[in-house]
Novice: 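If you scroll down you'll find the structure; I have some questions about it.
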Amino acid sequence: MTDAALADVPRPVSEVTSAGKVLYWAGIVLLCAWVLVPIYFLLSNALSSPAEVTSFPKHWVPSFDMGSLQFFLSFGGVLKALMNSVIVAVLTMILSIGFGAPAGYALSRFDFWGKDAFRLLVLMTRAFPLPLLALPIAVMFIRVGLDDTQLGLALVHTTLAIPFAVLITFSIFAGVPVELEEAAWTLGCNRWQAFRKVVLPLVLPGITASAIFAFTISWNEVFAAAVLTVQNRTLTAFLLQSLNVSPLHLRFAGGAALVIPALVFIFAVRKYMFAMWGIANR
Amino acid sequence: MNTRALPYLLLLPATLFLLVFFVYPFVQVAVQAFVGPAGFTTDNVQTMVKNFRFWPSVRNTVLLAAIVVPLQLVMALVMASIVANLKSARNTILYIFTIPLGLSDLAAGIIWLAIFEQSGFLNSMLVSLGVVDKPILFLSYQNSWVIFVAVLLAELWRATAIVMVILVAGMGLIPKEYYEAAEVFGAGPWKRFLKVTLPMLKPSLQTALILRTIAAFEVFSVVQALGGTTLPVLVGQTYDWQFNQQQTGVAAAMALVILAISIACTVFFLRVLRTPKGATL
Amino acid sequence: MAEIQIKGIAKSFGAFKALHSIDLTIADQEFMVLLGASGCGKTTLLRIIAGLETPTQGEVWIGGRRVDRLPPRERGIAMVFQNYAVFPHLTVLENIAFGLRMKKLPQPEIDRRVTRTAELMHIEQLLARYSGQLSGGQRQRVAVARALAMEPDVILMDEPLSNLDALLRLEMRAELKGVLAGSKTTTIYVTHDQVEAMSLADRISVMNAGRIVQAASPVEIYRNPAARFVGSFIGNPPMNFLPATRTPDGRWSVAGITLGGPAAASGKLEFAIRPEDLTVAAGGFDAVARVVEPLGAHTLVTTEIDGALFRAVLDSDVRINPGDRLSLVPKPDRIRWFDPETSLAA
């Protein structure tokens, strides 16, 4: 469209476009820096010795001293908190996929009475500040003996993760044509066999992604973890409760311990980012 | 084949789960707030309101949401437009933009602590640039507005990504032909953005605003990491009542306040950004 | 022996009646085509026979066995889907062997059948590929091979050629006809393409609005449509219709000429003639040419008779220009009559 203009008055037009281009890419670089530089600061602090963390002024390149991280890992309760975080996140992952995936499958394959009501229930969970549920649930758990347990916290985290699990698995199952399943039925499969031999291999990457997402939700959650655990604190609960009493280098090393796995997780599921949010538009 | 029962069977676990862990607790939270040992009581509400930190926490939370959410919306629109127009390196840049989405809000708080603490990177930069000659204690009760700004920046940094992802997904649903048609009729890039992108993005904007506003009222860990209790916010107070004061009734009353504000905002956005039937894609 | 009997099959989706009490018998080894416009219920009927849809009423019998309550795998059928449904996570070989492995056939037998059907469909060299590496036509071949390998009593095909381009469709059509004739299975084939139906079928069931209007051989369907719908649906261009009134002497007056016809009870009938069964000669319908389309072998002339459109396919030697008046004479033995009340042949 600018070709004709380019031929007539080549210089001004090309100058405008290249100036615009430079501005555009400068904006992109700025925005990327805005996201990445703060993370760099945290990691830089975590890779400095405790003395360097509190010294002034700061070095812009870390000394790659493992002192802070060693101190963090040997600090009382940290390893247990890490373990608890992993256990709760794995339980959350299993529970939310175990409950969510069948629902996602049902929504993708069947038309039935009450479908809209269920969808509404799932979408409604998004319109509420879910972590606050930890308050009444804490009372409920004391009654049934689930207070301060990994399973108890995992159940609350599952409430956070299940709407995502349902919506992501729904879009993943909807991506497998019904005809493939029907073809399997005509070729001698019953419903379960067709699911296992045809649908499952096709959805496995997507299901894995939603499982990782559920893991990340639990791994990152702070409020419910802090309210529901005392002896069995997760890493987030541990860090939150020691914010005021722990030295800076412990906080930065802890922050890095939270951030690094999360970075790996979201890199692993980046392809599915839109499956879970795109759906919210419908 | 028992096809009629199957969908219900598949939905049963998730439904039961949500009833027990979502619907029931919401009823319980009201019960906890308003039922004392002697039946109905407003004691919890009175204790909550009388606390000297209650109104500041309401003010801080609402102010924070009112500033953060619009800023995020503008920033996310810019980021989403950039991503939508990218040809090369789109996936890499999109991944970088979405990184904060996968991080814990506590981690975000600690990240910005690394910048704002007394021996942190902001002071290092100011001193090396000669703006100040010795590091400033930013995050103290004398400078509570700096804590507010730090929380604001951390929230902006952390949660803009989610708005952007929703908007990018929404922009992907707008057929290219509309832009081409607008271009044929003489609309420039800015006009196209105003007259095509924005109106067509309304459902996505609605979703993003609802999700973000509710999350903004839940701000907690970032504040704890940056200011401790110096800057009272609603969820922070709730946590304090529950955990430190061991007054679960008052904590429940606080939760109800947050809930009420959240629902009011949801209803507001549902009404204001309603798309007429048949005007959708 | 796999005769298929469909007895009083009806299907409703909520308030919408997709099928109204269908009765149809398909003989062993017969090639039956279900032909109709989209939404006429032909695919629904096929899916009911396959067991992918449950009928609201009625029975399906295959080879003397009532199957309408059985799942698809127990019906002795194989099916070819419109978009092929070749499993993307399996190779061509694994696709063809899929059903045989489900049947737990011995490995040598599986190998034998895979080799045989792959050769039959000319896809031996593709056996190691995945469906993503195949063209549409090749996927189609895999889908057919997979169905044939089952050596089923009945093969069901749901518009199998509709996603192929025109040339490929022609080629596959001829090939399918040969392969299926050799396989000695009973075939039910759904299509909306009448040429496909004509070329493949032993018998065609023309469907309209959830009913079978006529089930007969292709030539019978073409020459002797049982209802006005069949005449207007089959043939390109379709049949011409003109109103007829009885003259006092028991003959029929059609657009100014008088013809011999059936002794109908009512005084009104509808005269019908195929466009190719008209010749230009004296004493015929007084027609004005409106559009003249030379098609090579023939010339299609769209004319107007008494304000109604009337098409004639004439020899391309005949020179006609728009606006010309011509006299069109129908071949007497090709004239058909319909009752305007019932729309059925009179």
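Values in this document were obtained by computation on a predicted structure and should not be read as measured data. Chain A is the first sequence line, chain B the second, and so forth, proteins listed ahead of strands; every chain is numbered from 1.
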Novice: So what's closer than 4.5 Å to chain A heavy atoms on B:Tyr239: side chain, backbone, both or neither?
Specialist: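 Both parts, heavy atoms under 4.5 Å.
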Novice: When heavy-atom pairs shorter than 4.5 Å are enumerated against chain B, which of A:Ile162, A:Thr125, A:Leu95 gives the highest number?
Specialist: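 It is A:Thr125.
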Novice: Under 4.5 Å from any heavy atom of chain A, what part of B:Asn85 do you find: side chain, backbone, both or neither?
Specialist: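 Both the backbone and the side chain of B:Asn85 come within 4.5 Å of chain A.
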Novice: So, the side chain of A:Thr159 versus the backbone of A:Val156: is there a donor-acceptor pair under 3.5 Å, distance only?
Specialist: yes
Novice: Name the member of A:Thr236, A:Val122, A:Thr216, A:Val227 that forms the most heavy-atom pairs with chain B at distances under 4.5 Å.
Specialist: A:Val227
Novice: Side chain, backbone, both or neither: which part of B:Leu106 has a non-hydrogen atom closer than 4.5 Å to chain A?
Specialist: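 Both backbone and side chain.
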Novice: Among A:Val230, A:Leu248, A:Leu107, single out the residue with the greatest number of heavy-atom pairs under 4.5 Å to chain B.
Specialist: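 The option with the most such pairs is A:Leu248.
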Novice: Would you say the side-chain atoms of A:Trp185 pair up with the backbone N or O of A:Ala194, donor to acceptor, closer than 3.5 Å?
Specialist: no
Novice: Under 4.5 Å from any heavy atom of chain A, what part of B:Thr15 do you find: side chain, backbone, both or neither?
Specialist: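 Answer is both: backbone and side chain atoms of B:Thr15 are under 4.5 Å from chain A.
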Novice: With only heavy atoms counted, which part of B:Leu156 is less than 4.5 Å from chain A, the side chain, the backbone, both or neither?
Specialist: both
Novice: For B:Ala252, which atoms come within 4.5 Å of any heavy atom of chain A: side chain, backbone, both, or neither?
Specialist: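 Just its backbone gets close to chain A.
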Novice: Establish, for the pair B:Arg212 and B:Phe269, whether the NZ or CZ atom is under 6.0 angstrom from the six-membered ring centre and no further than 45 degrees off its axis.
Specialist: no
Novice: Which answer fits B:Val27, side chain, backbone, both or neither, if we ask what part of it has an atom under 4.5 Å from a heavy atom of chain A?
Specialist: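 Neither part, no heavy atoms under 4.5 Å.
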Novice: Looking only at atom types and distance, does a side-chain atom of B:Asn44 sit under 3.5 Å from a main-chain N or O of B:Ala253, one as donor and one as acceptor?
Specialist: no
Novice: Side chain, backbone, both or neither: which part of B:Ile82 has a heavy atom under 4.5 Å from chain A?
Specialist: both
Novice: Classify the ring geometry between B:Tyr8 and A:Phe112 as parallel (under 30°), tilted (30 to 60°) or perpendicular (over 60°).
Specialist: perpendicular
Novice: Tell me, do A:Tyr24 and A:Ile28 make a side-chain contact under 4.5 Å, heavy atoms counted?
Specialist: yes
Novice: Could you check which of A:Leu36, A:Asp111, A:Leu135 has the highest count of heavy-atom pairs closer than 4.5 Å to chain B?
Specialist: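 Winner by heavy-atom pair count: A:Leu135.
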Novice: Mind ranking B:Thr248, B:Val78, B:Thr98 by heavy-atom pairs under 4.5 Å with chain A and telling me who comes out on top?
Specialist: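 Greatest number of close heavy-atom pairs with chain A: B:Thr98.
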Novice: With a 3.5 Å distance limit and no angle check, can you tell me whether A:Lys115 reaches the backbone of A:Ala106 through a side-chain donor-acceptor pair?
Specialist: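 No; judged by distance alone, with no hydrogens or angles, the pair does not exist.
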Novice: Heavy-atom cut-off 4.5 Å, strictly under: side chain, backbone, both or neither for B:Gln118 against chain A?
Specialist: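 Looking at B:Gln118, just its backbone touches chain A.
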Novice: Treating B:Gln247 as the side-chain partner and B:Ala251 as the backbone partner, does any N or O pair qualify as donor plus acceptor under 3.5 Å?
Specialist: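 Judged by distance alone, no pair lies under 3.5 Å.
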Novice: Contact part of B:Phe17 toward chain A, heavy-atom cut-off under 4.5 Å: side chain, backbone, both or neither?
Specialist: side chain
Novice: Measuring heavy-atom distances to chain A, does B:Met254 have an atom under 4.5 Å in its side chain, in its backbone, in both, or in neither?
Specialist: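 When you check distances to chain A, no heavy atom of B:Met254 falls under 4.5 Å.
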Novice: Flag the one option from B:Phe217, B:Phe220, B:Trp157, B:Phe97 with the top tally of heavy-atom pairs under 4.5 Å to chain A.
Specialist: B:Trp157
Novice: Donor-acceptor pair, distance only, cut-off 3.5 Å: does the side chain of A:Thr234 make one with the backbone of A:Ser85?
Specialist: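 Side chain of A:Thr234 to backbone of A:Ser85, a donor-acceptor pair under 3.5 Å: no, none is there.
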Novice: Heavy atoms only: give me the nearest B:Ala208-B:Ile166 pair and the separation to one decimal.
Specialist: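 In this case the closest contact between B:Ala208 and B:Ile166 is CA-CD1, 3.9 Å.
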Novice: Quick one: which of B:Thr160, B:Ile210, B:Thr266, B:Ile115 has the most heavy-atom pairs under 4.5 Å with chain A, could you say?
Specialist: B:Ile115
Novice: So what's closer than 4.5 Å to chain A heavy atoms on B:Leu16: side chain, backbone, both or neither?
Specialist: neither
Novice: Name the member of B:Val23, B:Leu9, B:Val20, B:Leu86 that forms the most heavy-atom pairs with chain A at distances under 4.5 Å.
Specialist: B:Leu86
Novice: Which residue out of B:Ile110, B:Asp105, B:Val127 racks up the most heavy-atom pairs below 4.5 Å with chain A?
Specialist: B:Ile110
Novice: Relative to each other, are the rings of B:Phe22 and B:Phe26 parallel, tilted or perpendicular (30° and 60° limits)?
Specialist: perpendicular
Novice: Mind running ring pair (Phe, Tyr, Trp, His ring centres under 6.0 Å) on A:Tyr105 and A:Phe195 for me, showing each step along the way?
Specialist: CA-CA 10 Å; A:Tyr105 181 77; A:Phe195 181 83; 5.3 Å; yes
Novice: Going by distance alone, is a donor N or O of one side chain under 3.5 Å from an acceptor N or O of the other, for A:Ser218 and A:His157?
Specialist: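 A pair is found: one side chain offers a donor N or O, the other an acceptor, under 3.5 Å apart.
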Novice: Please look at B:Val83 and chain A and tell me whether the side chain, the backbone, both or neither of the residue comes under 4.5 angstrom of a heavy atom of that chain.
Specialist: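 For B:Val83, neither part sits under 4.5 Å from chain A.
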Novice: If you tally heavy-atom pairs under 4.5 Å against chain A, which of B:Leu12, B:Asn91, B:Val29 wins?
Specialist: B:Val29
Novice: Under a 4.5 Å heavy-atom cutoff, which of A:Leu132, A:Leu42, A:Leu133 has the most pairs with chain B?
Specialist: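 Option with the top pair count is A:Leu133.
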Novice: Is it the backbone or the side chain of B:Leu153 that comes under 4.5 Å from a heavy atom of chain A, or both, or neither?
Specialist: both
Novice: Spell out, as yes or no, whether a donor-acceptor pair under 3.5 Å connects the side chain of A:Arg251 to the backbone of A:Leu243.
Specialist: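 Yes, the answer is positive, given that a donor and an acceptor are paired below the 3.5 Å cut-off.
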